Amino acid sequence: MAPRWIIHADLDAFFAAVEQRDNPELRGKPVMVGGRMGRGVVAAASYEARAFGIHAAMPAARAQRLCPHGIFLKGSYRKYQAESARVMDILSDYSPTVEPLSIDEAFLDATGLERWKGGPVVVAEEIRERVREECGLTISIGIASSKLVAKMATSTGKPDGLVLVPQGGERAFLAPLPVGDLWGVGPHMAERLRVYGIRTIRQLAEYSCDALQRAFGVWGVQAYQLANARDARAVVPTRVVKSVSNESTFPHTVFDRTTLLHMLMALAEEVGRRLRAKGMRGRTVALKLRSADFVTQSRQTVIARPTDATDVIYAEAKRLLASFHLHAGGYRLIGVGVHDLTLAAGGQLPLWLEPEDRLSQRDQAVDAIREKYGMGAVLRAPLVAPAETWVTRVFAGD
């Protein structure tokens with residue numbers, strides 16, 4: 001049997017790297033992509049910005065204090081999606097078994113490629129070269145016998161690195177790394193482990209499994225197995241989409257229902273567009289609200305027929321919002337989601353189109369216009385000039 005090889009590929013500082021590629025004046029400078037105003041956060045930081053201690057999910061205000069001369073860009077998620085698709089297509093040229101983890105990273109099962117390409121290292125080198133030449137980006141790659149070790153190998157080689165962990169060398173590779181680097185161990189859990197004297201993965205691997213189970217339950221057993229490089233998870237080429245949702249954090253606290261409704265419309269537009277792009281419809285519409293004091297509430301409703309129509313999604317979300325007594329302290333976030341998805345095609349054909357089907361057909365025509373001329377080519381009336389102008393920017397995907 002051929003030895004098992006897993007490749008983990010991760011684009012370096014993806015969003016920021018795309019912006020630096022497209023604008024040569026940004027190269028070599030600290031670039032941050034994300035929301036700059038109000039409660040904005042950093043979505044991605046170039047390596048020049050990371051030198052100042054800036055990282056993803058950091059509040060923009062703190063990032064500005066750390067790097068006052070840093071360059072903030074709002075970015076374009078649709079552009080990043082298109083670039084991600086190009087890279088995923090390159091990965092798919094080498095194996096039918098590719099599992100995207102996120103927009104900028106994926107696993108690839110490279111088992112058995114020795115006869116075709118000479119092994120996983122040759123494949124990884126070709127992937128890195130093609131991503132550089134065809135996309136103008138750098139990608140770091142880790143190669144190992146398991147998903148866990150391959151992903152951690154990638155992290156140790158960033159940026160623009162290639163790290164191979166040989167068969168049988170997995171435990172030795174993991175042993176000296178901080179326990180906080182282990183997949184699934186966050187800062188809080190790392191701090192709890194330090195109470196037990198566990199600071200490295202070696203110490204976790206050598207700790208009593210029974211004691212870890214008593215202290216941490218099932219998670220303790222799983223962490224012990226991973227620390228000992230026991231990870232038999234397969235690369236899963238496709239994932240079943242169970243829901244499509246979209247949410248937005250406001251740049252400042254919102255008190256009035258009108259602005260919430262405008263945001264609902266902008267979010268419903270995006271959720272509907274994504275459903276139609278995936279060929280999916282959903283039967284459950286959900287609404288999420290987070291108040292200024294971080295209390296999150298959510299409600300959902302089940303509709304008679306699965307839908308991908310923006311008007312239906314918005315109408316149900318609006319009805320759910322009406323059922324809330326608005327928080328006197330205002331709101332910081334709102335989200336809309338559609339769950340219980342099924343394929344839009346298939347099923348028994350109706351004798352005539354239902355109203356929802358006509359709405360869906362109209363939306364598909366609008367999608368085609370926006371795809372060609374931009375999101376601003378067709379706007380619903382409330383989004384043309386809302387009182388809060390940032391609502392339109394959310395709709396535009398900024």
Side-chain angles (χ1 to χ4, degrees), residues 74-86 88-89 103 240-248 258-287 301-321 334-386 388-398:
K74 62 183 179 181
S76 169
Y77 193 74
R78 291 187 180 88
K79 178 168 67 173
Y80 307 144
Q81 284 179 313
E83 291 299 323
S84 173
R86 293 174 65 190
M88 295 302 169
D89 285 344
I103 193 171
V240 177
V241 179
K242 297 181 179 179
S243 65
V244 171
S245 60
N246 195 19
E247 63 183 40
S248 182
T258 299
T259 298
L260 292 177
L261 287 173
H262 289 169
M263 278 301 303
L264 274 185
M265 180 171 290
L267 297 174
E269 285 268 22
E270 177 62 12
V271 169
R273 184 193 68 81
R274 288 167 55 192
L275 283 170
R276 294 186 292 273
K278 294 175 183 292
M280 308 291 287
R281 292 180 176 181
R283 190 181 292 275
T284 301
V285 176
L287 173 68
T301 183
V302 178
I303 57 181
R305 298 177 69 242
T307 189
D308 61 5
T310 297
D311 280 351
V312 177
I313 297 167
Y314 171 69
E316 296 299 331
K318 180 180 178 181
R319 189 174 297 114
L320 289 170
L321 179 63
I334 193 168
V336 179
V338 176
H339 311 304
D340 300 332
L341 303 187
T342 59
L343 290 174
Q348 183 176 345
L349 293 175
L351 293 176
W352 53 81
L353 288 176
E354 298 288 344
E356 294 88 350
D357 297 315
R358 297 186 186 279
L359 291 174
S360 179
Q361 287 185 345
R362 182 204 62 190
D363 288 340
Q364 290 173 38
V366 171
D367 292 342
I369 295 172
R370 288 172 174 165
E371 181 69 24
K372 186 173 182 179
Y373 298 105
M375 293 298 290
V378 181
L379 289 173
R380 294 171 186 267
L383 299 180
V384 172
E388 299 279 7
T389 57
W390 49 266
V391 173
T392 304
R393 295 200 300 272
V394 170
F395 166 73
D398 295 337

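Keep in mind that this is a model prediction, so the values were computed, not measured.
To the nearest 0.5 Å, the span separating CZ on R281 from CG on D308 amounts to 4.5 Å. Summarising the geometry, atom CG belonging to L264 is positioned 3.5 Å from atom CD1 belonging to I334; distances are rounded to the nearest 0.5 Å. To the nearest 0.5 angstrom, I303 atom CD1 is 8.0 Å from I313 atom CD1. To the nearest 0.5 Å, atom CG of residue N246 and atom CE of residue M263 are 8.0 Å apart. The distance from the CG atom of D363 to the OG1 atom of T310 is 4.0 Å, given to the nearest 0.5 Å. Between the CD1 atom of I369 and the CD atom of Q364 there is a distance of 12.5 Å, given to the nearest 0.5 Å.
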* Asked: For Y314 and V336, what are the C-alpha separation, side-chain angles and deciding distance, and is it a side chain to side chain contact (heavy atoms under 4.5 Å, CB included)?
  -> CA-CA 9 Å; Y314 171 69; V336 179; over 6 Å; no

* To do: Output, in order, the C-alpha distance, side-chain angles, deciding distance and verdict of side chain to side chain contact (heavy atoms under 4.5 Å, CB included) for V285 and V271.
  => CA-CA 10 Å; V285 176; V271 169; over 6 Å; no

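Between V378 and Y373 the shortest side-chain heavy-atom distance does not fall below 4.5 Å. Counting heavy atoms from C-beta outward, T301 and R319 have side chains that stay 4.5 Å or more apart.
E83 pairs in a side chain to side chain donor-acceptor pair (under 3.5 Å) with only one of the listed residues (R86, Q81, K79), which is R86. Of the residues listed (K278, H339, M280), the one engaging V244 in a side chain to side chain contact (heavy atoms under 4.5 Å, CB included) is K278, and it is the only one.
Salt-bridge annotation for E270 and R78: present, with a side-chain N of the basic residue lying under 4.0 Å from a carboxylate O of the acidic one.
No donor-acceptor pair under 3.5 Å is formed between the side chain of R273 and the backbone N or O of D367. With hydrogens and angles ignored, the 3.5 Å screen pairs a side-chain donor or acceptor of S84 with a backbone N or O of I103. No donor-acceptor pair under 3.5 Å is formed between the side chain of R283 and the backbone N or O of L341. Here the side chain of R274 pairs a donor or acceptor atom with the backbone of S245 at under 3.5 angstrom.
Residues T307 and L275 come closest through the heavy atom pair O-CD1, 4.0 Å. Pairing each heavy atom of G75 with each of Y80, the nearest pair is CA-OH, 3.2 Å.
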